[in-house]
Colleague: 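Please read through the structure below; I'll follow up with questions.
Residue numbering restarts at 1 for every chain, and letters A, B, ... go by the order of the sequence lines.
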Amino acid sequence: MAVFEHFQNLYDIRLKPRLLRSLIRDRVPDEKHPFSKPSELSIVVSAVKNHGLLSESSREAVDPKHMENWKSSIDAWIERLLLLVSSKMPDKCWAGICLLGLTCQECSSDRFLASYSVWFQKLLAQIQPPSDSHFVKVASCASLADLFTRLSGFSNIKKDVTSHAGKLIQPVLKLLTDDSSGAVWEGAVDLLCSIINFFPSSVHRHYESVEAAIVSKIMSGKCDSNISKKFVHCLALLPRSKGDEDSWSLMLQKILISINVDLNDAFQGLEEETKSNEVIKHLVPPGKEPPPPLGGNKMQGETSNQATEMSEQLILHRISMLMLCCCRMLTNPYPAQVIVPVRPLLVLVGRVLMVDGSLSQSLLPFLTVMQREFICSELPLLHLCGLDLLTGIIKRVRSQLLPHAADVVRLLTEYFRRCALPALRVKVYSILRILLISMGVGMAQYLAQEVVSNALVDLDSIAHGCGEASSTPCSKAASEGLLLPSYRKRKHGTITGFSEEQQGGVGTEMEAVKGKPITPIAVQTAALQALEALLTVGGALRSECWRQNVDLLLITVATNASNGGWANEEKDIFLLSDEPTSTRTDFQLAALRALLASLLSPARVRPPYLSQGLELFRRGKQETGTKVAEFCAHALLALEVLMHPRALPLVNFPSGDHPDFGQGFNCKFPKNIFSSGLKNNSPFPRGILGKDEIEPESNDDELYSSWLGNDEETEASASIPDKHLESRQELSEKDGRLSTEDHQAEKHPSDLPAGAQFPKEGDRGATDAAHMETGGIKDSIMAQSERVQEIIPNNDVRLQDKDVMVPTGDLTANVVEPNKGKIESSGSDSSKATPALSSEINNKVLMAAADANALPSDQGSLLTTSIVIEKGKKLVLEYNSDASKDSFPDIVDGEPDSD
Amino acid sequence: MEVVIASSPVDAGIGCWDLHSGAEQLRYRSCTSTPHGLACVGQRFLASSQLRDSSSSSGSILYWSWSKPQVEVKSFPAEPIHPLVSNSDGMYIIGGGSSGAIYFWEVASGRLLKRWHAHYRAVTCLFLSDDESLLVSGAEDGCIRVWSLFMVFDDIGMEMAKNPYEYSFSEHTLRVTDMVSGYGGCNAIIVSASEDRTCKVWSLSRGKLLRSIDFPSIIEAVALDPGEHVFYAGARDGKIYIASINAETTSSNSYGKHIIGTLSDNSKGVTCLAFSKDGILLVSGSEDGTIRVWDAKTHNIVRIYRLAKGPVNNVLVVRRPLYSNRQTSENSHSSFSRRHAPLLPPPLGKYVNSTDENVDSGAVSVPQTPSSDIMDAPYLSYHVLTKQISELQVFFIFLS
């Protein structure tokens, strides 16, 4: 006894036998005493699991004596369990079976391999007569399933185990046919699934009888839906026991025919009669024998007898279960190459989805009102199954959907137009999402219009729910695609409306009051996810017609969604039932994800709502410990590349084992991004990453060195002729917008950052001095700007205004710093820079224009970003032209004075 | 295992080398491939369209399985096929014909699903976009067209559309010799090379020419740096020019604008280029029958393989599945591997067969190993136990 008297701590293996023995002594029932508290067992189970009491293994080497002691305690444990299993008392027997199942899972491999056969026999006896307790049977099935699950890990004894498993099939089938308890069926079917999964060949001999037993259970409609689903799952797995192509195809064919027959009954009078033949024609090629009915011939006799008195309820139950089975067959992996009958499956799905309860033209008086009412009440469920099946098809055939893609899209879009029930819409959105992601931009072009117009309708309430009296006409406009003027107007509306807006829920309530339908949050979430997928795959190609609306919609939705505060995830957890429901957190996440996609999806100009988006993500990131915060951190990381695009060269990093280190060719490369001469779709990086040459000594950090440009480079860039051209073009394009922006800025002076307002009151007296100081640069700026920007008649003024700011010292450090650079430049080599700089200015003005395009309220932060990044003399120009933006209203106001 | 495979227009077979060890693998016999006419179909087998003498009206496409040197399947399409591509899961093979038609086959059944007139002259190169929904084809007359595969299969949509293609670029004046596309789905760029001595960079999303670069010699092959900083252009003068895709460059360079360097070892013309998966090793095939592996970082030749006396006209870097290596061990667990052994699909059909459309429209689904992962199948007894305990407790409460 001395061996286990001492133990050091809770990890000491000397503790384990002690614990196990006291469990056996105190908690595990025995023959003598009555077993009154079954809850004791859960204490035993958790102790065994937590401490690994049966594992017989230790991380470090241990004294064999201690090990021996542990071993003997486990021997005692098993001895007790076997005794219990053989007990006459059902409750003790049950306890023994349960703990034996646990032992199968927890004990060491050696012990398991040595004794599984004995345990198997013990457990097998318990599911056969004379055993009659349901509890015992269910527990035996579960423990046997665990025994086989564990055995699946040992491939060397496969043959032996397969023969064991084979012995089990008959008794299990007997449980299914003879017993009447749902719990026993469930246990039996779980066990059957485990066996088919792990030891498929053991079922081979019993294939037909298993099929018949399961099919009769599914067809009878006597089990509750949960157990029915398990039977369906088992039926879908069954072909795996043969594992060849034919049994899979045959099973699918039989199921499809069976569904079709049931559909004929269910849809009588609701569709053209030819529909049925269409499916059959695809399923059974002309001249070929139809396969035997599902579940064997005996089955058919049974069903045809019943058919007359079969209720609609039962028919619909069978259809939905068999469709689920098809779906499972498609999505479960199968070990052999099989041919998926895509065409018949699609025709079947189409047949189900096209019935909407309206009477068929040709055959009117078949249906009683009652029958039709019932069918209509059950149709959504059937449609849901149809959509699930469609999802299964798409998942299974992957790229091979291509020849059928157009059909699928047409079917879906037609269905989507009519589909008004939330659960169905959610499902359609999810299918659209799968199609978009899996099939890429080609699919996006097909689906864009459909996704956008539906999402606009579904997100209408949240996008501009309250604060706008004109919500109804607006929503109509939204669904038809917004035009630019109204879009401008709305933008300001939503911005000012932010504070009034409460949260999604409230918004929808208010809509409801106005007599509009409430769009459930799940549908809105699904719509957002579909938009995200659309932007992800197809944001760049031919997206001009919808892109602007969607971008606006998404920033509005995301802002509104976050306005009521971020949802409390913990609260959601408590509300959560078994059904997967869409919560407010999901909605917010979907909104943020879609927003990120909208910001990242390629566009030709800077995303118009970039800074608002950043602000949202920054706020969201502060919600420590939530999914929202996690995602926002990811979003900020992803957006960083948008700010600082990099096309990084391949650098030959110094490394010891590289014999020819040294001549990295890439250090000679000028660093730039897709820029000036090529692509004007990103005005921002053009200004920043610029035409800077790398400094030779800093070839280990390309990006860093690209920041440290020198001015000589700008001449080179100016020598590219088409750059001038493009800049000018773009400017003239921008002109119109610039002027509108100008007016807006005038209307919302409060939107301007404080720094920009300051020069308004600035000292006009200093104007002359500043004028002198800017010298040559200013002239060139004038020349350029006047050509392109008639709306700003006096360029001097804005330059001077900014210069005035320096002495007042009322600016941020960021702004002051570039100014220093400026003074330097204007003093020394301003004349030399003139030709190059003029184009530079052109660009910067352009940038300013682009900036101004963004919402005025965020100009401050944009300004800061661009300035902080810049170094060297170019900063001057950057700064000046940015300043020009800030001073637009100032000029308009102050022009008469200064002249 | 990452291997380099290479073929030649003269009958030297298909050479196969382990990229990293350099060891030559099996050589697949009797292949006289067309330019761009070598493809690895879904990593399962090799396919190559064959040069035919001008007298024969039909083309020829051959299959080799990884494990055997002999040709295993021969197909004879209606006309000679030049370029050949396959999608990444190996479900489809797409070929460009000498009449300018494009052929679209389903590999598993061999059915010709679609054939359409794409160009007025012979198709010279083909590739699929990143997401495999767009097909880009180049022709002898310098025309490049972008096709949406959905559109191609949508007869109704096709009738309504103005053009069957998405874009048609005609800026090249002579034969298009090679094309590659970059990363980024529909926002990718395409680089094309032509006998007019230019390479052109295109934007797929906007359908516009972004940059045209003049080279001192005709460019036969292009390869794109995976970071898309530069592209490599293999020229007939034996040099591999490095040209910048998007950077500003001065014209002071000795080769011309935008060209910022070369890889060269004074050999004969470069005919084909391919990048390894790590994006560092660049493989080039040459007129002199050798294949060079360059380190793109150091510009040095890492390895040289010798394929033939004649020119090399195709190199690919592909991942070869490991099972073909274990021919001996395959027999040990026979039933399993026989089921999985890559039996080659039937030959490709000659004509689009419209009559059987109603009968057979199945999609072939490749075998998937069912996950026998224990993680997937949780142990049941614990759940059953807790469920039953709570039931029993209710029962006891009911009794007391």
Side-chain angles (χ1 to χ4, degrees), chain A residues 38-39 41-42 98 101-102 105 135 138-139 142-143 145-146 149 152-153 190 197-198 285 333-343 396-397 399-400 402-403 405-406 439-443 446 537-538 540-541 602 647-650 652 660 665 669-670 672-675 678-679 691 716-717, chain B residues 87 89 91 113 131-134 148-151 153-154 156-157 185-187 203-205 210-211 225 227-229 244 246-250 260-261 280 296-300 339 358-359 361-372 374 377 379-382 384-386 388-389 392-393:
Chain A
S39 55
L41 277 194
S42 56
C98 288
L102 178 77
Q105 186 180 338
F135 271 56
V138 172
S143 294
D146 286 355
T149 306
S152 69
D190 279 338
N197 238 334
F198 297 120
Y334 193 72
Q337 175 172 308
V338 289
I339 292 179
V340 182
V342 183
R343 174 68 49 192
R396 180 63 173 224
V397 302
S399 67
Q400 293 180 90
L402 191 53
M439 315 223 79
V441 63
M443 185 54 90
Y446 265 70
V537 300
L541 191 63
L648 299 174
L650 184 62
N652 189 19
D660 36 30
F665 64 91
F669 289 4
N672 211 324
I673 22 73
F674 238 102
S675 82
L678 271 176
K679 235 186 160 179
K691 304 83 212 164
S717 68
Chain B
N87 68 339
D89 60 5
M91 286 300 166
L113 296 180
D131 58 5
E132 306 198 325
S133 69
L134 300 177
S148 161
L149 290 179
F150 289 88
M151 189 67 122
F153 278 97
D154 181 9
I156 303 171
C186 58
N187 202 37
S203 157
L204 192 54
S205 62
L210 298 175
R211 172 172 281 190
D225 164 31
E228 296 191 27
H229 189 260
S244 72
N246 48 34
E248 287 299 326
T249 49
T250 56
I260 51 187
I280 293 171
K297 284 203 284 194
T298 61
H299 290 198
N300 291 328
R339 209 180 288 155
N358 288 333
V359 182
S361 303
V364 178
S365 162
V366 289
Q368 299 146 301
T369 331
S371 60
S372 49
I374 296 187
Y379 289 99
L380 300 172
S381 54
Y382 180 64
V384 170
L385 176 69
T386 40
Q388 291 190 327
I389 286 174
L392 280 175
Q393 267 166 343

Colleague: Using 0.5 Å steps for rounding, measure from the CG atom of A:D146 to the OH atom of B:Y379.
Modeller: 7.0 Å
Colleague: For residues A:M439 and B:F150, report the shortest heavy-atom separation together with the two atoms involved.
Modeller: CB-CZ, 3.3 Å
Colleague: Atom CD1 in B:I389, atom SG in A:C98: separation rounded to 0.5 Å?
Modeller: 7.0 Å
Colleague: Sort out for me which of B:I280, B:V384, B:L392 touches chain A most, counting heavy-atom pairs under 4.5 Å.
Modeller: B:L392
Colleague: Which heavy atom of B:L385 sits nearest a heavy atom of A:L41, and at what distance?
Modeller: CD1-CD1, 4.0 Å
Colleague: How close do B:L204 and A:L541 get, heavy atom to heavy atom, and via which atoms?
Modeller: O-CD1, 3.4 Å
Colleague: Test side-chain hydrogen bond (donor to acceptor under 3.5 Å, both in side chains) on A:Y446 and B:D154; report intermediate values, then the result.
Modeller: CA-CA 11 Å; A:Y446 265 70; B:D154 181 9; 2.6 Å; yes
Colleague: Give me the atom names and distance for the closest heavy-atom approach of B:S381 to A:L102.
Modeller: OG-N, 3.9 Å
Colleague: Nearest heavy-atom pair of A:V441 and B:D131: which atoms, and what distance?
Modeller: N-OD2, 2.7 Å
Colleague: Quick check for you: to the nearest 0.5 Å, what is the distance between A:S42 atom OG and B:Q393 atom CD?
Modeller: 7.0 Å
Colleague: Where does B:L134 contact chain A at under 4.5 Å (heavy atoms): side chain, backbone, both or neither?
Modeller: side chain
Colleague: Nearest 0.5 angstrom please: B:L113 CG to A:Q400 CD, how far?
Modeller: 9.5 Å
Colleague: With chain B as the partner, which of A:G101, A:S399, A:A406, A:G440 has the greatest number of non-hydrogen pairs under 4.5 Å?
Modeller: A:S399
Colleague: Between A:A139, A:A145, A:P403, who has the most heavy-atom pairs with chain B when the cutoff is under 4.5 Å?
Modeller: A:P403
Colleague: Determine whether a donor-acceptor pair (N or O, by modelled atom type, separation under 3.5 Å) exists between the side chain of B:N187 and the backbone of A:A540.
Modeller: no
